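Heads up: the structure comes next, in structure tokens.
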Amino acid sequence: MSGNDPAQRGMPRRRFMKLGIYVVGAGGIAAACGDDAAAPAPTTTAAPSGTAAPTTTAAAATTTAAPATTAAPTTTAAAGPPIGGVLRLGTTGAGPRETVDPHAGGGSNANVARKFNLHARLQEIRADMAVENTLAEIIEPNADGSAYTIRLIDGAEFHHGKSIEAEDVMFSIQRMAEGGIMRDVLELADVANIRIVDRLTIELPMLTPAFVYSKSWGELASGIAPIDYDPETNPAGSGPFKLVDWVPGEETILGRHENYFGDPGSGGPYLDEVRLISFSDDLSRTNALLSGQIDAMDSVPIGQIPVVEGTDGLAVLEAEAGRVMFFYMRNDRPPFDDVRVRQAIRLIADRSQMVNQALSGRGAVANDLFSPFDPCYASEIPQRTQDIAEARRLLEAAGQSGLTIDLNVSPVIAGVVEAAQVLAQQATEAGVTINVVNLDPGDYYASWPDGWEFGFEFFANLQYPVIAPIVNGPGAFFNMPAWEDQEWLDLLLKARTEPDDEARCNIFKEMQALEHERGGYLIWGRANITDGYSTAYDGFVSHRLGRSFGQYDMRPVHQV
Amino acid sequence: MTAVADTAAGPSRRRAPTGLRSLADAWKHLQTKVGVIITLLIVLVAVAGPYLAPYAHTEFVDLPFGKPSGDAWFGTDNLGRDVLTRVLYGGRTVVVMSFLSVVVGMVLGIAFGLVAGYSRTWLDDVLMGTTDIVLAFPHLLLTLLFVAMAGPHKWLIVLLVAVGHAPRIARLTRGLTLDASRLEYVEAAEAMALPRWRILASEILPNLSTPLMVEFGVRLAISVGMLAALSFLGAGLQPPEADWGLMINENRSALNVQPWAVVIPMATISLFALGAYLISEGFARAFAGVDRQGIRT
Amino acid sequence: MRLWNRHGWIIRRLGVAVLSLWVVSIVVFMATQALPGDAAVAILGRQATPEAVAIMRADLGLNRPLVTQYIDWFGGVLVGDFGESVGSGAPISDLIGSRIVNTAVLLVVSAVIIFPAGIALGVFAALRRDGPLDRVFSVTTPAMNALPAFVVGLVLVILFGTTVWKIFPATALFPPGEFPLRHPDVMVLPVATLVLSTVPYLALIVRATTIEALESDYVQMARLKGLRPRTVVLVHALPNVVVPILQTGAVILGHLAGGVVVVEFLFRYPGLGTSLTNAVSARDLALIQASTLLLAAAIVVINLIADILTVQLTPRLRTAET
């Protein structure tokens, strides 16, 4: 989708986009790719240990069959769950940088929770990772891929009573294309020339033929807002809860939207109010849950999971291997401009040790690839394991024996600083010195324009067709390693215009093989997501996509 | 805080016992003995600890926050490293940095105070005005700010903590110098037209040694607390360094699951501060001859 | 002559206070300007193009000399305009108005407990010198004194908030904008942390000064004259203790104003301290400047008041030194 014409997109633009999102959103990736825990700006210097989302030993609690466990979703028998109640949800906020704008950056957990509850989307990513239409009735390309038709369901309403119509969708798509991750996603679409077909239908023309927009409308920054939307004066949304009041960085009060268009999966919303309370320190957040001042919290710190589990009236909800954890290496600068050095670092990593020590075993190893739950994931590529001898050989061949390098990290989320320390320790075996530089989140992201030679990020488990162009496309938004590979790009262009699903899938797998062979990411693991809640409430959903409470889905939540 | 107060709280006019005398006097007090034993113990752990540690300080022994076991007597920390090993390695930075910051602070403060107290000119006003201004700084806040700005360099942290000590030491020294310079033998030395720096160095400074030793202990305890608070706020030493303050910060999220990783460094830090207090109290008692505690404003 | 001296001294003292604040403002401003990151980029965010950034930089006046920027900023501060938050674009005064009140309440409530408690403990220990209570006191107070405030706070939370007994809220959560005293329960642990970490220090000093006063010549004389011990203490000893306690009190309040950063962070208390730690981590420069400057101003004013009171209460000092 994005970056089909690398020639037009030189370094300057890429740098610029990165700069923008990182600085603003403090945790840009999170912003865009929607990582729940992103939480950047606020986290305060303090809690490297504290943060913590990942969690729960693989062996322990959850697991079992369905990865996307719905935690005892309701008992929608006859009466249905009781209406009413106020749920106080403690999240990591972004201080005064928080926003209610559905399309703006700022990926703190509080922002993500607001985005998903205030605004509905054309589609939703279900707990089993299937993408289903919700506000949309139909999203389909025409035969030659030159345009998409999007038709809405009838009868849905915004918070202020206006019915959701074609003009609102046009307005929203154009607004989301102005920036952020959706700009890259929508790059092949000619958003300026959207045509309103009838009250509920629009036609979205393509700049070049494309067949990849059928399932891209459930993402974080793609909420539907009314045509008269204004974040300051008219913050009306389409989601299950409406904005009652909010103080940035402190508290947001969401009230039930009585005329919510409904969702096939749940009968909600049931709660009268959801209060999102922002914290900057994870330990005080956990203490608030333990002492009953809040009813639920996302991302319980690893050390506190046993305490929450062992407390009467509290429980832990665990989503397996949801968050992709990785380091990136800049391909356009020494020493990582030499593929042998990148491969050596990838071979130095003992991934299972990283998962054990940095995530307390609550997660799974990864194979330098994204999207493990995508149907097109290249599972046939063998898992890379530690090989110190080979790493030494590659480094020597590259003339980089005894390499010393800084690894820049920030305690934005649990496991990052920890994993960097584990990697640094492992690197000593290969004669490589990795200096872990632990920065404040603001510093880590503010210094972005030049990027880091060696840094970290984390993503949700987005689908491969969405994530590939964003993280590896030349000049793309989150191409942090600045990896530019012509062979890979040719394959991407071929995949986009390939109408057949299976043929497209095979192309995607070839692309993953290239990423595995010479890419710029060290994707070492996937962290479980562990949320804590009071058992006075029920209906919380867990989701392997990688955001807490099934993308903060408060619709099915109700009092017991 | 100001000139007025210091002279009010200053020592009496009599000639104070000099360093060695007061050392002997101080040792007679129980506080001093207990304080010295505690401090020596902590310094011993800090210096010899790394040689006694069962593991390397970055070695992974178990899963994070493991319970005490035969392999790890006090369990493991947030990365699964041995708590005992981390404690044995983690004292050096605290001990060295707190000592250094007090030494630097005292050198600065004594220099300022001596010159101000003895000059009795406009220089006195300027120097004491400067200390007033520095005293008005919210010390911890500005330290946080500077560390955020320039990065958590050890020298910077030592310097910032030292600058916080200097004004009060300068005020104390100035008050004492004012008193001492009115003593007969100093006046006699002046009458003999000895150079000022010689009078300062040979007559006045020894006379100040005991109260300054009292101050040293107090300042040391404050340094320890301040360094720990910085680490707690994440602006102190950085991982993977082993450091008591950092250990508290890294492991506090599991305080009620694996308390040892927090409680032991808490105890060593508090003991170190306590030892310093007790020694200074012993000196204070020896010096004042009364039950005056070794803590002054 | 005497009157003039006293007034002269107070004016000079005021001058020092103003000068202090001014120097603090320069240090804070320069320090924050040197922080990495570009305010223009931070405001524009992802829509930024190089041209837009250049325009925004010009709008914000970031291209001007530092001195000019400082004068503009300081001019604003003088009339209560601290600029705008980089993150939200909201005026700083909106963001921290209620936080100033919250921090002030926390400090005042703590002080109201600290002073009577510390003075009572200290005097009591001094009167029963070397009695069993004094001995216990002599051992425990230095030990308490050696505990950093956050250690006290962590232990209190475990004891009374979460793990052992759930009596008091472990975090200071209350609706934004509300007056903290309307929620006395959330104040308990933060206040207790501040009290427990400062009372030992105050008590030690009160004990020492009281003992010194009790042993002074005139108190001994009063005793010899056969006055009742209580009269001796109340009429002769205590007044001489007031000045040292005032000075100690100023030091303690100064420490509190800095120490609230740690306590607010620990309990998520919505005051200036948390606003500062959040701003530092988000690199919100205007917010850092405002929070630091306000806390510094509090310390300066506290010291000023203590010094003026000291001089008013000590006749012999009014003319000294000047």
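Everything numeric here is computed off the predicted structure, so don't read it as measured data. Heavy atoms only: backbone and side chains are in, while hydrogens, waters and symmetry mates are out. Naming: A, B, ... by sequence-line order, numbering from 1 per chain.
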Does any backbone or side-chain atom of A:Q425 lie under 4.5 Å from a heavy atom of chain B? Answer side chain, backbone, both or neither.
side chain

For residues 257-274 of chain B, the side chain to side chain donor-acceptor pair (under 3.5 Å) pairs (sequence neighbours left out) are none

Pick one of side chain, backbone, both or neither for A:V422, based on which atoms fall under 4.5 Å of a heavy atom in chain B.
both

Option that, when pairs with chain A are counted at under 4.5 Å, heavy atom only, ranks first among B:V257, B:L79, B:T76
B:L79

When you compare the side chains of A:S548 and A:D531, does any donor N or O come within less than 3.5 Å of an acceptor on the partner?
yes

Could you list all the salt bridge (Lys or Arg N to Asp or Glu O under 4.0 Å) pairs where at least one residue sits in residues 38-56 of chain B, not counting sequence neighbours?
none

Chain A heavy atoms under 4.5 Å from B:D77: which part of the residue, side chain, backbone, both or neither?
neither

Side chains of A:Q386 and A:Q426: is there a donor and an acceptor less than 3.5 Å apart?
no

At a heavy-atom distance under 4.5 Å, which candidate from B:A56, B:A254, B:P64, B:P152 has the highest pair count against chain A?
B:P64

Side-chain donor-acceptor pair present, A:T433, A:N435, cut-off under 3.5 Å
no

